[in-house]
Amino acid sequence: MSHLFAPLTLRSITLRNRIGISPMCQYSSTDGLATDWHLVHLGARAVGGAGLIIAEATAVSPEGRITPGDAGIWGEEHIEPLSRITRFQKHHGAVPGIQLAHAGRKAGAALPWNGGAHLADEAGGWTPLAPSPLAFGGDLGRVPRELTVPEIRRIQGDFALAAKRALAAGYEWVELHSAHGYLSHEFLSPLSNQRTDAYGGSFENRIRFLLETTRAVRAVWPENLPLTVRLSCTDWTEGGWDADQSVELARRLKAEGVDLLDCSSGGGVATAKIPVGPGYQVQFAERIRREAGIATAAVGMITEAKQADEIIRAGRADLVLLARASLRDAYWPAHAARELGQAPTLPAPNQYARAW
Ligand code: 531
């Protein structure tokens, strides 16, 4: 039976264990470029023993950034600084992944530590783009401009170009961001998508943006490398996107060559009441894995080694993703190996071997 330190193989890629680092925005870029911060942050987590490290939501176009500090991959100039990071991560045994993203109606906001509200144009903001001209609400009150069909195609092409650049930068795992109230999730949910054309209305129409984007990326992303998708499996709101639709979407994505679904939730509705607690989203990874027959990652309030190990042993998910637990402790996987009596523990880098 598999456990937290059993390897996981998807296509030609083998993770040394079932611990992944969830994509986490660092808001530490200028013009989308990766910096020394990213090298140290992502590099430390490779040395700390994670099997997979997914780089933060990386915008496929400048207007797809949540904030002006977001990472981006819309130009050739983004490749080199990312290559430096992936080279280091691979050297230390981690598989480098990247989350490709477009923030939709949530784009153009201040950095979180500056309040996180939508910025006026004069303050460096811009008019966000979305399926429908409906503001998210609260501090993200700017009304987005409704995308035209040619603009939708353009964005789908941007995702494909971004995937090609990710490959050139050395990434071996791509995750398409279709969660947390950003563009692709906005198409999925009837609460944010009120279009009357082929991209809105029925379930078939609401999933069209993501399915076509997946197809465009799969066409340029090598056959031997994993392609994955993060979903918000429920809006936690009556009349919104929900787990039943997520299961059906998972089946369709699998047919398009998606290898794993990263099962998150929420972020699409400002007023949703979310029952946050330890492992509160694992139920979605478990259900999609069972009912759609696709590998899943569990994420959200997974903080303890035994808890993570139990999720894998019980077959509730194939992979666990750490977020805040990994920010608190870059060496979480190495510490978990010791706690779970894993022998031998993770390979230490030569420089640290006598202290491991
Ligand atoms: C936090 C968040 C998690 C789950 C639901 C809603 C919000 N994050 C999500 C991030 C941006 C910052 C806040 C992304 O997904 C890019």
Side-chain angles (χ1 to χ4, degrees), residues 13 15 19-103 107 109-114 116 124 158-159 161-177 179-180 182 225 228 230 262 299 321-334 349 351-352:
I13 296 299
L15 308 183
I19 305 165
I21 308 303
S22 193
M24 286 178 281
C25 294
Q26 300 298 303
Y27 309 105
S28 298
S29 295
T30 302
D31 297 328
L33 295 162
T35 66
D36 288 356
W37 175 261
H38 298 94
L39 175 68
V40 172
H41 164 69
L42 298 166
R45 280 151 189 81
V47 175
L52 170 71
I53 300 167
I54 309 177
E56 69 194 77
T58 303
V60 301
S61 56
E63 70 280 3
R65 290 175 294 174
I66 305 166
T67 78
D70 283 29
I73 190 161
W74 62 81
E76 303 306 300
E77 68 277 18
H78 295 106
I79 296 172
E80 199 278 320
L82 292 172
S83 307
R84 181 168 173 235
I85 300 171
T86 61
R87 213 179 306 123
F88 183 88
Q89 291 178 312
K90 288 179 189 173
H91 184 73
H92 291 284
V95 169
I98 187 168
Q99 187 188 52
L100 302 180
H102 189 299
L111 306 194
W113 49 85
N114 290 333
D158 289 340
F159 271 91
L161 287 171
K164 281 191 183 179
R165 294 186 191 109
L167 183 70
Y171 286 102
E172 298 177 322
W173 179 293
V174 158
E175 173 171 285
L176 303 179
H177 198 344
H180 302 167
Y182 300 108
L225 296 179
T228 73
R230 172 169 276 185
D262 173 1
V299 63
L321 297 180
L322 305 175
R324 283 171 283 186
S326 167
L327 296 186
R328 292 189 281 263
D329 178 8
Y331 290 84
W332 193 99
Q351 296 91 331
Y352 292 0

Q. Roughly how far apart are Leu42 CG and Gln89 CD, rounded to 0.5 Å?
A. 5.0 Å

Q | Any side-chain donor near an acceptor of the partner, His102 and Glu63, under 3.5 Å | A | no

**Q.** Check: Ala110 main-chain N/O paired with Asn114 side-chain donor or acceptor under 3.5 Å
**A.** no

Q: Report yes if the side chains of Asp262 and Leu321 come closer than 4.5 Å at any heavy-atom pair, otherwise no.
A: yes

**Q.** Nearest non-hydrogen partners of Ser61 and Asp158, listed with the distance
**A.** CB-OD2, 3.8 Å

Q) Side chains of Leu225 and Ile13: closer than 4.5 Å at any heavy-atom pair? A) yes

Q: On the 0 to 90° scale, with breaks at 30° and 60°, tag the Tyr182-His180 ring pair as parallel, tilted or perpendicular.
A: perpendicular

(Q) Ignoring hydrogens, what is the shortest heavy-atom contact between Gly75 and Arg165? Give both atom names and the distance. (A) O-CD, 3.4 Å

**Q.** Test applied, side chain to side chain contact (heavy atoms under 4.5 Å, CB included); reference residue, Ile98; option that passes from Ile85, Leu167, Ile73, Ile54
**A.** Ile73

**Q.** For the student: nearest non-hydrogen atoms of Gly124 and Pro68, plus distance
**A.** O-CG, 4.2 Å

Q) Is a side-chain donor or acceptor of Ser83 paired with a backbone partner of Ile79 at a separation under 3.5 angstrom? A) yes

**Q.** Euclidean distance, Tyr27 OH relative to Arg65 CZ, rounded to 0.5 Å
**A.** 13.0 Å

Q) What heavy-atom pair brings Tyr171 and Ala55 nearest, and what distance separates the two atoms? A) OH-CB, 4.0 Å

Q.
Quick one, Leu100 with Val174, criterion side-chain contact (heavy atoms from CB on, under 4.5 Å). Give me CA distance, side-chain angles, the key distance, then yes/no.
A. CA-CA 7 Å; Leu100 302 180; Val174 158; 3.9 Å; yes

Q. Quick check: does any side chain N or O of Asp31 sit under 3.5 Å from a backbone N or O of Leu33, one acting as donor and the other as acceptor?
A. no

(Q) Can you tell me how the ring of Tyr352 sits relative to the ring of Tyr331, calling it parallel under 30°, perpendicular over 60° and tilted otherwise? (A) tilted

Q | From Ile21 atom CD1 to His41 atom NE2, the distance as rounded to the nearest 0.5 Å | A | 8.0 Å

Q.
Once rounded to the nearest 0.5 Å, what's the spacing between atom CD of Glu175 and atom CG of Leu52?
A. 8.5 Å

Q) Under a 4.5 Å cut-off applied to non-hydrogen side-chain atoms, are Val95 and Ile53 in contact? A) no

Q) Which atom names give the shortest non-hydrogen contact between His78 and Gly32, and what distance separates them? A) CD2-O, 3.3 Å

Q) Can you tell me how far the CH2 atom of Trp113 sits from the OG1 atom of Thr67, to the nearest 0.5 Å? A) 7.5 Å

Q: Evaluate whether atom NZ of Lys164 has more than 12 neighbouring non-hydrogen atoms of other residues, nucleotides or ligands under 6.0 angstrom away.
A: no

**Q.** Ile19 CD1 to Arg45 CZ distance, which is reported to the nearest 0.5 Å
**A.** 13.5 Å

Q) Hey, are Arg84 and Asp36 close enough for a salt bridge, meaning a charged N less than 4.0 Å from a carboxylate O? A) yes

Q: Give me the one residue out of Gln26, Gln99, His38 that meets side-chain hydrogen bond (donor to acceptor under 3.5 Å, both in side chains) with Glu56.
A: His38

Q: Please check if any side-chain donor atom of Ser22 sits under 3.5 Å from a side-chain acceptor atom of Arg230, or the reverse.
A: yes

(Q) For Ala50 versus Ala94, what's the shortest heavy-atom pair and its separation? (A) O-CB, 3.6 Å

Q) Quick one: does Leu15's side chain get under 4.5 Å of Trp173's, heavy atoms only? A) yes

Q) Tell me, do Pro62 and Trp74 make a side-chain contact under 4.5 Å, heavy atoms counted? A) yes

